[in-house]
Amino acid sequence: MDTKRIFLAAFLIVGVWFFWQSFVVPQPSSPYSSPVLPTTTPLNPPKGFVPTYEEITTTIENNVFRAVLTNKNGGSFVEYELLGHLGTYDVGSKKPWGGIGFNSTNPTGLLYKRGDGFNEEHLNCNPCIESLNEKIAHVEVVEERDDASGVGSVVYLLLSENDTLGTHKITYSLGDDYAVNHQYKINDASPEYTVTWRNGIRPAERYYWLDDQYSYAMYANKNGDSDYLTGNKNTQPLLSSGDLDWVGVRNLFFVAALVPSGESKTTGSRLSPVQAPSIGDRGRQDLYKYEGFENTWVNKDENSYGRPDFPSAYDVSLDFVSSDRGIEFDSFVAPLDYSLIKGSNIKNLDWIMTLGGSILKPISKLIINTINFLQNQLPFLGMGAILILFAFLVRLISGPLTKMSLRSTQKMQEVQPTIKKIQEKYKSDPKVMQMKIMQTYKEHNVNPLSGCLVMFLQWPIMIPPFIVFRSVVDFRGESFLWIKDLSEPDYLVSLPFHIPLLGTGEGWTGIGILPILMGVTLFLTMKKTMANMEGQNKVMLYGMNGMFIVLFNGFPAALNLYYVVYNLLNYLQQRKKDGGDGSLFSKVTTFYKNRRK
């Protein structure tokens with residue numbers, strides 16, 4: 001096998017390993033015993049409290065969200081929906097395959113609610129100051145709405161048995177702003193208050209692995225430090241110190257963040273996973289507080305959602321320094337739209353988005369901005385057509401690199417007969433054989449590594465779409481041809497049994513058309529490379545091609561559609577390079593020439 005084939009094989013093997021380890025390998029199943037989580041040191045989750053006074057609910061709404069507030073715990077969101085986004089877990093909407101309770105037509109609810117398995121003490125704290133909750137005996141509510149100024153507000157008067165504890169004022173825009181401002185003015189002299197957002201953000205995607213892979217909590221400090229907490233099994237809380245820009249939680253497409261505002265200062269944060277008994281540590285009695293949460297999401301009865309695993313959930317807290325002005329912060333619940341996140345003016349909030357590492361992030365941002373530009377300039381096109389157009393643009397950029405690769409491949413093929421003769425003639429003397437081979441390369445002006453170099457130069461073009469197109473909210477709910485939702489796999493065939501690797505984990509197997517088409521187009525582009533390969537090497541590449549079909553079967557249709565079009569254009573360029581016999585380009589050219597005659 002020559003050097004280029006070795007590099008090609010290594011390239012594909014590393015690619016398969018990267019995809020497999022990063023996106024296919026499942027989380028450890030329960031029960032699980034981990035040395036990271038000792039039984040002698042419980043996590044001590046924040047203490048819950050159930051108010052007994054009368055509940056008053058208030059609905060607020062603007063052009064982008066609708067939310068319901070309760071006066072419990074001094075004023076907290078209990079429902080939160082972003083307008084225009086559909087799909088939510090619902091026990092009354094179970095499908096015959098998998099038994100998952102999900103309704104794709106109802107508005108997307110982003111807060112855990114009654115019926116999701118949490119005890120009452122773990123609700124009504126989005127956000128709240130838990131140290132005040134037990135002191136509150138009654139809460140009065142005053143709602144105001146000024147259409148002239150475009151501002152609405154809800155003021156909660158917090159009363160104890162004998163005195164006024166303070167106020168919690170919630171202010172929101174009546175326009176297109178996702179941020180909601182919170183101002184607490186508290187009458188006691190506590191030096192510090194902790195603001196908590198309970199349970200994170202509710203899962204919103206039908207196929208559980210799409211949400212679970214992207215669910216985590218994160219903080220960002222003003223000094224540039226940041227860290228995140230992912231997975232709620234055998235995971236310790238994550239603490240930070242110093243003044244913070246924000247703390248937040250996310251799932252695949254949505255984010256909820258607490259952002260200090262005004263003159264308020266913070267001294268630290270805490271990100272705590274909500275853990276259930278099945279993590280395996282039976283000595284942890286505090287875990288049983290969440291037993292109902294786990295059962296509600298994984299059981300198959302009529303009051304449960306039937307997921308293969310319970311979702312990630314996190315309590316996030318900010319420690320505020322108390323002052324005469326009180327404490328002030330914004331809650332920000334929004335879709336993970338890059339232009340929206342950047343336009344929010346929340347410093348470094350885009351760090352919570354999936355954009356790749358420092359090298360790939362600028363390219364990912366360029367891809368998102370290009371997609372947004374095409375949407376704005378061509379509003380009559382759907383997202384499927386925008387993806388196809390984007391693939392054409394990428395091919396225009398990568399075309400010269402592909403041409404260089406094809407030219408290198410062609411030169412290598414031309415010298416292969418000579419190389420084989422040298423290998424046969426000098427097989428008993430490897431040093432002479434290698435010298436003769438290198439001499440042949442030099443005489444024919446062939447660089448055996450040039451094709452590999454060109455191939456690696458295309459990685460910055462190929463990898464960022466893989467990152468971006470799996471998490472862009474613009475594709476959510478968008479249909480194209482037979483594809484119902486570009487953000488989900490395009491399963492057209494449902495088999496009532498589980499096939500390893502292909503199965504959904506719900507007892508059935510979905511077969512998508514786009515992964516197969518991607519495999520076919522990938523095979524066509526690899527066919528020229530495989531022309532002069534020996535049997536064993538061909539089998540390996542065929543196997544790699546089949547593995548890619550399996551891997552991509554569970555990926556969003558948007559990603560697979562992009563690669564199908566990209567590979568097809570790559571193949572057509574190869575055909576044109578070979579002389580155009582039978583290619584689409586040649587047929588079109590011949591057709592117009594004949595019409596002119």
Side-chain angles (χ1 to χ4, degrees), residues 12-32 87 89 93-102 104 203 205-215 231 233 252 278 297-300 304-311 466 469-470 475 480-524 526 538-564 567:
L12 290 173
I13 291 171
V14 170
V16 170
W17 180 88
F18 171 78
F19 291 137
W20 186 269
Q21 292 294 325
S22 300
F23 309 108
V24 178
V25 174
Q27 296 290 328
S29 58
S30 303
Y32 183 89
Y89 280 89
S93 303
K94 291 194 173 182
K95 303 297 188 298
W97 56 93
I100 304 296
F102 189 87
S104 58
E205 307 311 313
R206 161 65 183 87
Y207 297 106
Y208 71 98
W209 64 85
L210 296 177
D211 246 347
D212 290 357
Q213 289 172 355
Y214 289 90
S215 294
K233 294 183 179 180
L252 177 56
S278 67
W297 286 90
V298 302
N299 287 352
K300 294 292 185 180
S304 303
Y305 297 115
R307 261 171 141 250
D309 202 356
F310 62 93
F466 178 83
F469 292 158
R470 296 170 65 238
F475 298 137
F480 181 69
L481 299 178
W482 72 89
I483 306 167
K484 295 180 180 179
D485 190 332
L486 284 167
S487 69
E488 297 179 352
D490 68 317
Y491 294 147
L492 277 186
V493 178
S494 301
L495 305 177
F497 49 84
H498 176 77
I499 298 177
L501 302 183
L502 278 177
T504 63
E506 302 168 3
W508 63 285
T509 299
I511 305 296
I513 301 301
L514 285 175
I516 297 174
L517 293 177
M518 191 205 68
V520 171
T521 55
L522 183 61
F523 169 78
L524 292 174
M526 293 168 58
K538 279 188 176 183
V539 170
M540 183 185 69
L541 285 183
Y542 282 135
M544 292 293 180
N545 196 32
M547 183 61 70
F548 276 118
I549 295 176
V550 172
L551 292 176
F552 278 74
N553 189 63
F555 288 156
L559 177 69
N560 290 332
L561 176 63
Y562 168 78
Y563 280 134
V564 166
N567 290 340

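FYI, the numbering just counts along the sequence from 1.
Remark: Arg307 fails to qualify as a cation-pi partner of Phe310 under the 6.0 Å distance and 45° angle criteria applied to the six-membered ring.
Not counting sequence neighbours, the partners of Glu205 by the salt bridge (charged side-chain N to carboxylate O under 4.0 Å, His left out) test are Arg476. With sequence neighbours excluded, the residues that form a side chain to side chain contact (heavy atoms under 4.5 Å, CB included) with Thr521 are Val564, Asn567, Leu568. Among residues two or more places apart in sequence or in another chain, the ring pair (Phe, Tyr, Trp, His ring centres under 6.0 Å) test is passed with Phe469 by Phe390, Phe475, Tyr562. Applying the salt bridge (charged side-chain N to carboxylate O under 4.0 Å, His left out) test to Asp490 and every residue at least two apart in sequence or in another chain returns nothing. Partners of Ser304 by side chain to side chain contact (heavy atoms under 4.5 Å, CB included), not counting sequence neighbours, listed by chain and number: Asn299, Asp301.
Residues Ile511 and Ile516 meet the side-chain proximity criterion, which asks for heavy atoms closer than 4.5 Å.
Asn560 places a side-chain N or O within 3.5 Å of a backbone atom of Phe552 that can act as its donor or acceptor partner.
Ring-plane geometry between Tyr207 and Trp209 is classed as tilted, the angle between the planes lying from 30 to 60 degrees on a 0 to 90 degree scale. Between Tyr305 and Trp297, the ring-plane angle classifies as tilted under the 30° and 60° cut-offs.
Closest heavy-atom contact between Pro308 and Ile100: CD-CD1, 4.2 Å.
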Please set out all donor-acceptor pairs under 3.5 angstrom arising from side-chain atoms of residues 496-504, sequence neighbours excluded.
{"unit_1": "Thr504", "atom_1": "OG1", "unit_2": "Glu506", "atom_2": "N", "d": "3.2"}
{"unit_1": "Thr504", "atom_1": "OG1", "unit_2": "Trp508", "atom_2": "O", "d": "3.1"}
{"unit_1": "Thr504", "atom_1": "OG1", "unit_2": "Trp508", "atom_2": "NE1", "d": "3.3"}

